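All values derive from a computational prediction rather than experimental measurement. So you know, we letter chains A, B, ... as the sequences are listed, proteins then strands, and number each from 1. Scope of the values below: all heavy atoms of this structure, side chains included, with no hydrogens, waters or symmetry mates.
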Amino acid sequence: MERPLTKDIRQGNPPLNLEEYEQAGGYQALRKALRHMDPSEVTEEVKKSNLRGRGGAGFPTGQKWSFVPMGEKALHPKYLVANADEMEPGTFKDRLLLEGNPHQMIEGMILSAYAIQADVAYIFLRWAYKRAASLLTQAIHDAYQAGYLGKHILDSDYSLEMHLHVSAGRYMCGEETGLLNALEGKRATPRAKPPFPQTSGLWGKDTIVNNVETLSNVPHIINRGGQWFKDLSYTDDGGSKIYGASGKVKNPGAWELPMGTTLREILEEHAGGMREGLKFRGLLPGGASTDFLVEEHLDAKMDFSSLQQYGSRLGTGTIIVLDDQTCPVGMVLNMERFFAQESCGWCTPCREGLPWTAKILAAIENGHGKMEYLELLERHSKLLGPGHTFCALAPGAVEPLQSALKYFREDFERHIKEQRCPWS
Amino acid sequence: MPTIYIEGKPYEVKDGKNLLQTSLELGFNLPYFCWHPALDSVGACRQCAVKQFKDENDEQGKIVMACMTAASDGTRISIEDPQAREFRASVIEWLMVNHPHDCPICDEGGECHLQDMTVMTGHNYRAYDFQKRTYRNQDLGPFINHEMNRCIQCYRCVRFYRDYAGGRDFDVFAAHDHVYFGRYEDGALENEFSGNLVEVCPTGVFTDKTLKKHYTRKWDLQTAPSICVHCAVGCNTIPGERYGKLRRIRNRYNSDVNDYFLCDRGRYGYEFVNSQQRIRTPLARNDRQQALAPIERQAALDQVREWLKDTRRMIGIGSPRASLESNFALQELVGAENFYAGVSHQPARLVAEAIWLLQEGPARPPSLYEIKRSDVVLVLGEDLTNTAPMMALALRQLVHRKACKIAEQFGIPNWNDAAIREVIQHEKEMVFIATPTQTKLDDVAMATYRAAPDDLARLGFAVAHALDTSAPAVTNLSEEVRSLAEQIAELLRSADHPLIISGTSLGSQALLHAAANVAWALRTIGKPSYLSFAVEEANSLGLGLLAEKDLDQALQVLRDGQADTVIVLENDLYRRAPRQDVEAALQNASHVIAIDHLHNDTVEVVDMALPAATFAEGDGTLVNNEGRAQRFYQVFVPEGEIQDSWRWINEVLISTGRAEDGHWENIDDLMADLAGQEKTFAPILEIAPPASFRLVGQKIPRQSKRFSGRTSIHADVQVSEPAPPADPDTPLAFSMEGFEGQPPPPLIPRFWSPGWNSIQALNKFQSEIDGPLRGGPPGCMLIQPDPHASIAYFEEAPRAFEAQRGRWLVLPIHHIFGSEPLSMLTSGVAERAPGPYLALNASDAEKLGAQAGQEVELALNDTKLRLPVKLLPELASGVAGLPAGLPGIPYLKLPETCSVQGGVER
């Protein structure tokens with residue numbers, strides 16, 4: 001099968017430099033677009049491809065771009081921002097791409113910027129991705145030298161400036177509007193939508209924020225066409241997907257597979273199944289803020305629409321696996337502590353509710369649980385729902401909690417009845 | 001007009017609002033925290049959750065925040081929906097997770113918005129059984145107490161302080177449930193509007209530190225509608241008293257003037273009412289070598305009668321901070337030809353000029369409400385943050401309106417605060433500030449110009465000429481100034497609501513004329529503008545409308561022996577004229593009588609002092625700088641012999657047998673006389689209902705229904721219950737009994753509504769939130785210029801300022817804390833006031849061989865002053881600045897060219 005995103009990534013070796021990337025076919029898509037395609041044609045091709053946002057939300061990318069005002073009446077400057085603030089626990093696919101083939105994303109950014117006629121592009125990079133920072137700095141520099149960035153790219157009318165911005169380090173910066181506020185030098189709290197970044201984004205100007213993986217797909221879509229990209233997938237959501245697995249499996253890692261590959265295939269074929277002596281209990285399919293799925297769901301297809309019927313979602317597509325020798329309460333406690341700490345503190349339910357759930361889980365885990373706590377946890381799962389809070393952090397945070405209560409309730413009750421963690 | 005549905009019932013509402021606003025306006029009690037009428041919506045607290053339905057058939061609905069949802073046509077919501085109610089109760093529960101059980105010891109209790117909302121949502125049971133997070137508090141200065149454990153993180157404080165008031169030293173820090181609102185380090189909050197935090201904060205995090213020194217529960221306060229006396233903007237206030245002591249000042253909403261906010265001087269400058277320096281009994285002496293001694297009231301009046309028997313001519317000196325009534329009463333007693341304004345010639349002349357320009361010209365003086373709706377503003381000469389602070393606050397809000405217009409194009413409603421501020425984040429206000437020194441408004445100004453007053457005026461003349469070439473040109477203008485004038489004219493020309501602001505604080509008539517020329521020019525080209533003059537004191541304009549003569553003439557008359565008795569009304573003459581002149585005049589008079597609240601230098605040399613009521617102890621009318629006449633009402637009955645100044649004068653009139661000329665039963669009689677005699681003052685009868693006004697046959701109580709201990713307050717003196725004091729002057733009563741509903745706006749003594757014990761109750765008194773009070777904003781305009789009037793241009797632009805060798809033009813520099821004497825008796829205000837200094841730019845200081853902090857000697861006529869140098873790099877060469885009105889600096893007639901010498905040894 002074709003692996004457009006990862007074919008040029010050489011594990012354990014430095015990524016392709018500019019010349020190597022060009023030799024492997026890099027920046028051909030950019031030439032094609034600037035010389036032979038209108039910005040709107042680029043957007044059309046991406047629409048045709050059914051590419052959906054790989055950051056976790058899955059919004060159709062071409063459609064997102066089409067909301068940006070275009071033409072003479074459009075206000076400038078316009079901005080394109082790459083969301084490289086990968087901090088969803090369990091997720092490392094963007095890191096793979098940034099460290100493995102930075103030019104791929106850069107070319108994708110220039111193409112996407114061209115499609116929306118952006119004037120300036122930013123890469124907003126997670127603080128901890130220091131290797132990616134130096135690789136990107138070099139790659140941007142090289143791209144400028146080669147004339148792929150700056151004024152009149154490849155002698156066209158199109159100009160683009162690109163800057164790397166390294167975050168000061170908070171999960172909330174991965175939220176697209178929190179990212180924009182952080183990039184402006186403000187506190188990383190989210191913004192209410194509407195208005196959307198397309199019409200009021202960076203500095204109040206028209207802005208598109210896309211995920212690293214999403215952008216990295218764009219050169220291939222332009223090179224090979226939207227239909228080709230659609231056909232890579234097993235389902236209606238176009239393209240390939242980088243799936244990953246962590247937890248006590250034989251072979252944790254990341255693999256580029258057709259979109260819509262089943263959980264079973266990822267878990268058993270690529271991750272090698274559970275380690276010796278361990279049994280599978282459940283998994284979070286797309287990072288910490290997704291709902292647990294269990295044995296009966298393993299034939300589910302990993303795409304944006306299919307998982308919803310099982311009460312979960314694709315998220316980032318990187319699986320966290322729970323084995324039978326790991327305490328589920330401890331696992332959820334770990335995650336809730338993370339979410340409580342990463343709460344930006346703007347809205348009441350998240351700011352006050354998440355630490356409360358973390359304290360309850362800690363009490364249960366440490367043998368001081370009460371049965372009333374379970375009802376409180378359930379209440380919080382319902383109350384911290386979408387629309388109730390200001391952004392999606394808290395609704396995401398309660399997804400593992402509510403599904404753990406559903407599938408592992410006896411484990412919670414054991415902790416409380418026995419006043420200890422049975423796994424300790 | 002869109003129709004929305006609440007619980008299935010249709011309501012027609014005004015377009016462009018959010019659901020929280022419309023629900024509150026319709027009378028629904030929907031709880032909220034982070035929304036504020038002046039700060040709009042951000043959707044942070046999640047308290048105002050309601051259920052929204054797609055259509056009539058949607059049974060499920062979804063929870064939305066009312067403050068962030070447009071009340072557009074067809075919107076359907078339910079407030080009573082059980083899930084919405086449960087969610088709102090949960091929000092309180094979450095806030096209570098960390099909120100301390102401080103109510104019994106928290107200053108906010110009884111007017112706490114959190115208390116009210118907790119009761120409103122019905123949450124009452126604690127399920128949280130872990131520890132609460134706590135914070136360290138900061139010392140934020142003499143005005144604000146900091147108690148962070150109570151914080152519910154509504155973000156109102158930081159939004160008001162930074163976004164609305166432009167302050168920079170206060171912010172929100174950290175994240176998650178450790179979010180902290182405070183200063184970057186301990187220290188007094190620098191912003192002049194920081195006091196509003198105590199009303200903006202819905203809990204007891206920020207409370208009034210001055211109130212804390214003599215704390216009283218809100219329900220135990222006796223309150224009445226009043227006016228701030230510390231500058232000429234005339235903000236409306238509600239002072240609160242108990243046990244004969246003024247406890248605090250709160251904001252009184254007036255949509256035309258101060259709306260929701262006050263400046264710190266107005267909020268905290270009240271302690272003079274409680275000062276030890278108060279005169280509480282009549283004082284007199286027969287021998288000027290002796291000290292003044294207390295004397296019985298009747299004895300005092302008898303003495304006055306004796307004195308007046310052999311008085312050839314009696315003159316009266318009025319006061320720019322005393323009420324119209326007291327000034328008029330004095331005028332009636334002494335006769336118009338013997339009544340003098342208590343300000344020296346130059347300031348009196350300037351106020352008279354300002355009045356003339358406003359009355360005779362086509363440009364109207366704007367209210368603060370109208371100022372906020374201007375789009376291009378030229379400020380000539382006034383450092384508004386210090387001379388008219390609330391005007392400065394108003395000028396920070398202009399660009400917000402522009403943003404709303406821009407945002408409309410993108411479908412962003414103007415109540416979406418964060419989105420609007422995102423749009424304007426890099427915009428400056430279209431305000432041009434031309435002053436000799438830096439101002440705190442500079443950070444939002446489009447451009448600033450620093451120069452001596454005459455050069456500032458030349459800029460104004462140049463702007464007028466650039467607008468209309470028939471206005472006189474200015475010769476010898478530098479290229480820089482000429483092009484600035486062009487830039488300003490360009491923007492004024494294209495403005496919809498241009499505004500010119502000047503004032504009297506620099507003592508320059510040229511500035512007033514320059515401002516007028518610009519206004520006339522705008523009118524000529526078909527762009528009528530507002531014209532605003534900042535004047536110095538609470539009734540400067542009122543006195544200016546009344547008196548024709550000034551203090552210099554009065555002192556001359558006394559020095560020449562042409563008058564032998566003088567009555568000084570609420571004025572310290574040593575602050576108004578050179579010491580020698582005042583001394584010579586007063587020593588020459590046979591009888592000097594002062595009617596005043598406080599001991600001051602003048603009172604020290606009089607033959608009799610009669611204790612005058614302050615604003616909180618009497619009634620009266622003050623005229624602000626836009627010519628708005630407003631009434632202040634007595635808050636409490638003072639101890640001792642203190643009474644309104646006009647009452648003292650009334651008694652003198654009666655006891656000297658001049659009763660036919662002006663015997664007044666109550667203030668209404670006096671006001672009727674004043675209104676009858678001078679056409680200008682006729683509108684004062686319209687300000688408020690007369691003393692006979694009743695609602696359902698009842699007076700309006702100054703005390704809340706929960707006022708406690710009424711019968712035991714004086715039990716140590718007398719056990720039997722005293723009758724409540726009568727109030728013959730107003731429809732208000734010194735009682736808790738009376739009309740329980742909403743009185744007409746000028747008479748509102750407090751904002752309270754069942755279930756709304758905090759200032760948020762104000763919502764119930766407005767038909768539209770953030771709009772006028774039901775019944776209209778209090779106050780009547782005394783100056784209504786004819787928009788078709790035309791006045792000739794002032795032809796003479798002043799010559800360019802030229803520095804002189806060894807001599808400096810010394811300008812008065814006004815300080816919000818320090819220049820106004822009454823507020824300086826509040827210790828916190830005195831703390832914040834600067835010490836004396838002489839401001840110079842660095843090269844001028846070098847010429848004198850003085851470094852910052854070193855002393856130089858200033859000499860004017862016979863006065864020599866040693867002052868430490870303060871370096872202000874923006875001052876023009878040859879110009880120096882002296883802080884105006886500071887205690888310890890004797891009166892100097894400024895601006896004046898003085899000699900300054902350096903190298904003075906300490």
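More than 12 heavy atoms of other shown residues, nucleotides or ligands fall within 6.0 angstrom of atom NZ in K193(A). Shown here is E378(A), whose CD atom has more than 12 heavy atoms of other residues, nucleotides or ligands within 6.0 Å. For E418(A), the CD atom is densely surrounded, since the number of other residues' heavy atoms within 6.0 Å is greater than 12.
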Give the intermediate values and the outcome of side-chain contact (heavy atoms from CB on, under 4.5 Å) for residues R379(A) and S90(B).
CA-CA 10 Å; R379(A) 262 187 65 214; S90(B) 299; 3.3 Å; yes
Determine, stepwise, if the pair F390(A) / V42(B) fulfils side-chain contact (heavy atoms from CB on, under 4.5 Å).
CA-CA 10 Å; F390(A) 194 81; V42(B) 285; 5.9 Å; no
N98(B) and E352(A): CA distance, side-chain angles, deciding distance, side-chain contact (heavy atoms from CB on, under 4.5 Å) verdict:
CA-CA 8 Å; N98(B) 287 307; E352(A) 310 294 343; 2.8 Å; yes
Could you go through I360(A) and F130(B), starting from their C-alpha distance and side-chain angles, then the distance that decides it, and tell me whether this counts as side-chain contact (heavy atoms from CB on, under 4.5 Å)?
CA-CA 9 Å; I360(A) 290 174; F130(B) 301 103; 3.6 Å; yes
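Contacts of Q131(B) with chain A are made by backbone atoms alone, with heavy-atom separations under 4.5 Å and no side-chain atom involved. Looking at V91(B), the atoms closer than 4.5 Å to chain A (heavy atoms on both sides) sit in the backbone and in the side chain alike. Interface residue F173(B): only backbone heavy atoms are found under 4.5 Å from chain A. Proximity to chain B is absent for every atom of L180(A), based on heavy atoms less than 4.5 angstrom apart. D171(B) does not touch chain A: none of its heavy atoms, backbone or side chain, sits under 4.5 Å away. Neither the backbone nor the side chain of A49(B) comes within contact range of chain A, judged by heavy atoms closer than 4.5 Å. For Q425(B), the part sitting under 4.5 Å from any heavy atom of chain A is the side chain, from C-beta outward, and nothing else.
Considering only heavy-atom pairs separated by less than 4.5 Å from chain B, the leading option among R170(A), E184(A), K186(A), K205(A) is E184(A). Of the residues considered (R133(B), E93(B), H178(B), R421(B)), E93(B) shows the highest number of contacts with chain A, using heavy-atom pairs under 4.5 Å. Most heavy-atom pairs under 4.5 Å with chain B, from the set L354(A), T389(A), T199(A): that is T389(A). Note: P349(A) leads P349(A), A363(A), P355(A) in heavy-atom pairs under 4.5 Å with chain B. When the candidates V172(B), V179(B), I424(B) are compared by the number of heavy-atom contacts under 4.5 Å with chain A, V172(B) comes out ahead. For the set G411(B), G43(B), A418(B), the entry with the most heavy-atom pairs within less than 4.5 Å of chain A is G43(B). For chain A, the option among C154(B), P413(B), A175(B) with the highest count of heavy-atom pairs below 4.5 Å is A175(B).
The residues E86(B) and K382(A) are annotated as not salt-bridged, no charged nitrogen and carboxylate oxygen being separated by less than 4.0 angstrom.
Note that CZ of R351(A) and CD1 of I152(B) are 8.5 Å apart. Values are rounded to the nearest 0.5 Å. Note that SG of C350(A) is 11.0 Å distant from NE2 of H176(B), once rounded to the nearest 0.5 Å.
For the residue pair T348(A) and C45(B), the shortest heavy atom distance occurs at OG1-O, 2.8 Å. The nearest pair of heavy atoms linking R46(B) to G387(A) is NH2-O, 3.1 Å.
Using the six-membered ring where Trp is involved, Y128(B) and W356(A) have ring planes that are perpendicular, over 60° apart on the 30 and 60° scheme.
Residue-level contacts of residues 74-84 of chain A with chain B, in order of numbering, are L75(A); threshold 4.5 Å between heavy atoms. By a heavy-atom distance cut of under 4.5 Å, not one residue of residues 391-402 of chain A is near chain B. The contact list for residues 364-377 of chain A toward chain B, using heavy atoms and a distance under 4.5 Å, reads K370(A), Y373(A), L376(A) by residue number.
In this structure, R187(A) contributes its side chain and A174(B) its backbone to a donor-acceptor pair below 3.5 Å. With hydrogens and angles ignored, the 3.5 Å screen pairs no side-chain donor or acceptor of R191(A) with any backbone N or O of A419(B). Here the side chain of E422(B) pairs a donor or acceptor atom with the backbone of G204(A) at under 3.5 angstrom.
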Pairs of donor and acceptor atoms involving the side chains of residues 61-72 of chain B, under 3.5 Å and at least two apart or interchain, shall be tabulated with distances.
residue, atom, partner, partner atom, Å
T69(B), OG1, M65(B), O, 2.7
S72(B), OG, T75(B), OG1, 3.2

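Residues W94(B) and L383(A) meet the side-chain proximity criterion, which asks for heavy atoms closer than 4.5 Å.
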